[in-house]
Amino acid sequence: MSIETKTQKFKKVAALPNNPDWEQYIQRVGELSKKEVDIRTEFQRDYNRIINCTAFSRLKHKTQVFFATDNDHVCTRIEHVNIVASTAKSISKYLGLNAELAEAIALGHDLGHSPFGHHGERILMRIMEEEGFSGKFWHEYNSLRFIDDIETLPNQEGWTENLNLTYAVRDGIVSHCGEVDENALIPRKEFLDLRKVKKGQHMPFTYEGCVVKISDKIAYLGRDLQDAALYNFFTKEDYITLRQIAENIVKEKVKLKEINTTYLMHKFIIDLCENSTPETGLNFSHENYELMCQIKKFNYEKICMNKRLRPFMDYSNLVLRAIYTFLKGYYADFNTISKLAKDAPYYRTMIKTFCGWLVKYSNIDTKQRMQKKYKNKIIYNMENERDYKQAIIDFISSMTDKFAINVYEELISL
C-alpha cells in the first residue's frame, strides 16, 4: 500500500469540533475580546496573537545552537520555530490532524527560551537553585509563563492585556520537550492544570501537540548538522562516521553529501507518516528511530560538547550572572525604582528597561500602570524580595543574546 492511500487516518482523533474534548481544547482562562465580524478559528486567533507578540520578535536574535551568530545563514531561534511549524503542519495535514493547532503550538513553543540557548537555560537554573527557589528553570514551563503572564497585546480599546491562549495551544507548548527519547507518542487523557505539570512527565493532551513534540526533534537534528558544517565543526572522519551510522541502521548505501538536513528530515517525516496509526500512536520504524537516536548522540558529542563552544559558554555565564548580581543589589521594596534611578545615567539601557518591566508586571507603581493602560496581570509583589528576584530571572530570560551582551558591556564601561 502506498503512502498516498493512508492519508487522513488520524482525522477521527483530530482536535476538531466533532472531538468530544473540543470544548476543553478551546478553553481560555478568561474572556477574549471579539470583533463583531471575525473570519478566524480559535487556533488562528492564537496563531495571530503569538506572531504579533514581542517575545516572538526577539527570537530572531536568540541562540539556537551557535551563540550570537553574525552569520546570516546560521539558524537562530526564530528560524527553528518556523522549521518546526513547517514540519508539524505538513505531518498534521497528511494525517488529517488540525494543522492550525499544530502551527500555533510550534510557533509559540520557544517564546520563553533564554538567551544563549540551552546553556543560558542551565545558567538561570543554577542561579535559581543558589537563591533557594523550589522550582527549576526549564524553557518549556517558562514559555507557558510567558504566554500566560508576561506577553501582552493591546485590545480594541487600547488597554494592554495578556495573550490568553487556548488550553490546547498552552498544553502543546509546555509539553513539547523534544529531548526525551521515546517512540510511540499517544496523547494523555487527563485534563491537567498546566501550571502544575512536571518536566518530561506528561504527554501533550492532543495528537497535534505530539506532532509538534516530534517535529521539534526532527527540525533540530537536521539543521544542527547543517549549521555545524558551515562552521567547519566536522572532520572528514566525522562525516565517514555519520555515513556509517546511517548505513549500519538503514541497510542501504549512503553518499557523504546526502547526510544533510534535507535527507534526514524527509526520511524521518515520511517514515513517521507511514508507521503511525491512532491505535499505536505516532511511531517511527525501529530502524529510523534508532537512526534518530544515533544522530542525536553524534550531534551532542561533536557539536554541543565541541571545545570551540567552551569560551562562549564561559562568557555567557559571566554575562548573565553579572546582570543578575547587578540588579539584585538594588532591591528596596517600593523604593526600588527610586534607587535604580540614581544610577540611571551610568547604566541607561539596563535601568530604563528593567524599571519599565517592574512598572508593567509589579505593584510598584499602580498609578503609572493606569496611565500606560496596562490591564495585564500583576505577577510580582514588591514587598517580597523573592518576587523581585523572580522578576530579574524573567527579565533576563526575555533578553536576546545581543541585548544581554549590550547591557553587560554597559555595565563594564566607565
Side-chain angles (χ1 to χ4, degrees), residues 59-60 62-88 90-91 106 109-110 113 116-119 121 139 176-183 212-273 284-285 287-310 312-313 401:
L59 293 178
K60 63 179 172 284
K62 286 197 173 191
T63 289
Q64 171 59 19
V65 172
F66 297 96
F67 303 110
T69 179
D70 289 322
N71 188 324
D72 292 339
H73 303 132
V74 168
C75 190
T76 61
R77 189 65 55 176
I78 201 164
E79 290 161 300
H80 168 69
V81 300
N82 275 286
I83 295 169
V84 175
S86 174
T87 304
S90 296
I91 294 170
H109 81 274
D110 276 349
H113 222 297
F116 308 128
H118 288 289
H119 185 59
E121 186 176 6
H139 78 271
H176 81 263
C177 180
E179 287 74 29
V180 178
D181 288 318
E182 72 273 287
N183 208 355
V212 172
K213 185 180 177 74
I214 289 179
S215 298
D216 185 29
K217 194 169 185 176
I218 291 173
Y220 76 68
L221 285 180
R223 187 57 189 264
D224 289 0
L225 283 171
Q226 178 178 314
D227 290 346
L230 282 174
Y231 283 124
N232 298 312
F233 265 44
F234 303 137
T235 64
K236 185 177 180 180
E237 289 72 25
D238 291 332
Y239 284 112
I240 293 172
T241 298
L242 264 179
R243 184 181 66 185
Q244 289 173 342
I245 288 172
E247 290 182 347
N248 289 343
I249 294 171
V250 302
K251 307 302 181 184
E252 61 185 41
K253 284 291 182 181
V254 180
K255 297 178 182 178
L256 281 178
K257 63 181 180 181
E258 291 179 338
I259 309 294
N260 55 31
T261 303
T262 303
Y263 170 84
L264 291 172
M265 291 188 67
H266 182 263
K267 192 170 194 62
F268 291 142
I269 290 169
I270 298 301
D271 186 76
L272 182 76
C273 290
F284 294 101
S285 65
E287 292 78 13
N288 278 294
Y289 177 66
E290 181 62 26
L291 177 61
M292 177 174 277
C293 293
Q294 290 298 319
I295 295 294
K296 180 183 174 183
K297 181 181 178 183
F298 177 89
N299 282 9
Y300 180 77
E301 293 174 354
K302 300 298 181 178
I303 302 174
C304 299
M305 300 304 295
N306 195 295
K307 65 180 181 181
R308 288 175 58 190
L309 293 180
R310 175 53 58 187
F312 208 98
M313 286 183 178
D401 296 17

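What's counted below: heavy atoms across the whole structure, side chains too, no hydrogens, waters or symmetry copies.
Nearest approach of F234 to A229, heavy atoms of both residues: CE1-N, 4.2 Å. Between A106 and A85, the shortest heavy-atom contact is CB-CA, 3.4 Å. The two atoms that bring N82 and I78 nearest to each other are ND2-O, 2.8 Å, heavy atoms only. Across every non-hydrogen atom of I303 and L309, the tightest pair is O-CD1, 3.2 Å. Heavy-atom minimum distance, L221 versus N299: O-ND2, 3.2 Å. T63 and G117 get closest at one heavy-atom pair: CB-N, 3.4 Å.
The one candidate from F312, F67, F66 that meets the ring pair (Phe, Tyr, Trp, His ring centres under 6.0 Å) condition with Y231 is F66.
D401 pairs by the salt bridge (Lys or Arg N to Asp or Glu O under 4.0 Å) definition with nothing, not counting sequence neighbours. Under the rule for a side chain to side chain donor-acceptor pair (under 3.5 Å), the partners of E290 that lie at least two apart in sequence or sit in another chain are Q294.
Side-chain polar atoms of H139 and H109 form no donor-acceptor pair below 3.5 angstrom. Side chains of T241 and D238: a donor-acceptor N/O pair is absent below 3.5 angstrom, by distance only.
Atom CG of residue L291 and atom CD1 of residue I249 lie 5.0 Å apart, to the nearest 0.5 angstrom. For the atom pair CG of L264 and CD1 of I218, the computed distance is 10.0 Å after rounding to the nearest 0.5 Å. Between the CD atom in Q244 and the CD atom in E237 there is a gap of 10.5 Å [rounded to 0.5 Å]. Put simply, OG1 on T262 and CD on Q226 are 7.0 Å apart, with the number rounded to the nearest 0.5 Å. Considering CE of M292 and OG of S285, their distance stands at 10.0 Å, rounded to 0.5 Å. Rounding to the nearest 0.5 Å places CD1 of I240 at 8.0 Å from OG1 of T235.
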If you apply the rule side chain to side chain contact (heavy atoms under 4.5 Å, CB included), what do you find for L225 with F298, and how did you get there?
CA-CA 10 Å; L225 283 171; F298 177 89; 3.9 Å; yes
Intermediate values then yes/no, side chain to side chain contact (heavy atoms under 4.5 Å, CB included), H176 and D110:
CA-CA 9 Å; H176 81 263; D110 276 349; 3.6 Å; yes
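Below 30°, between 30° and 60°, or above 60°: for Y289 and F284 the angle between ring planes is below 30°, a parallel geometry.
Formation of a donor-acceptor pair under 3.5 Å by the K62 side chain with backbone atoms of F116 is not found in this model. D271 contributes no side-chain N or O that, together with a main-chain N or O of N288, makes up a donor-acceptor pair within less than 3.5 Å.
Here D227 pairs with R223 in a salt bridge; the nearest charged N to carboxylate O distance falls below 4.0 Å.
No side-chain heavy atom of K60 sits less than 4.5 Å from a side-chain heavy atom of E79. Contact check for H113 versus E121: side-chain heavy atoms found under the 4.5 Å cut-off. Between L59 and H80, every side-chain heavy-atom pair lies at or beyond the 4.5 Å cut-off.
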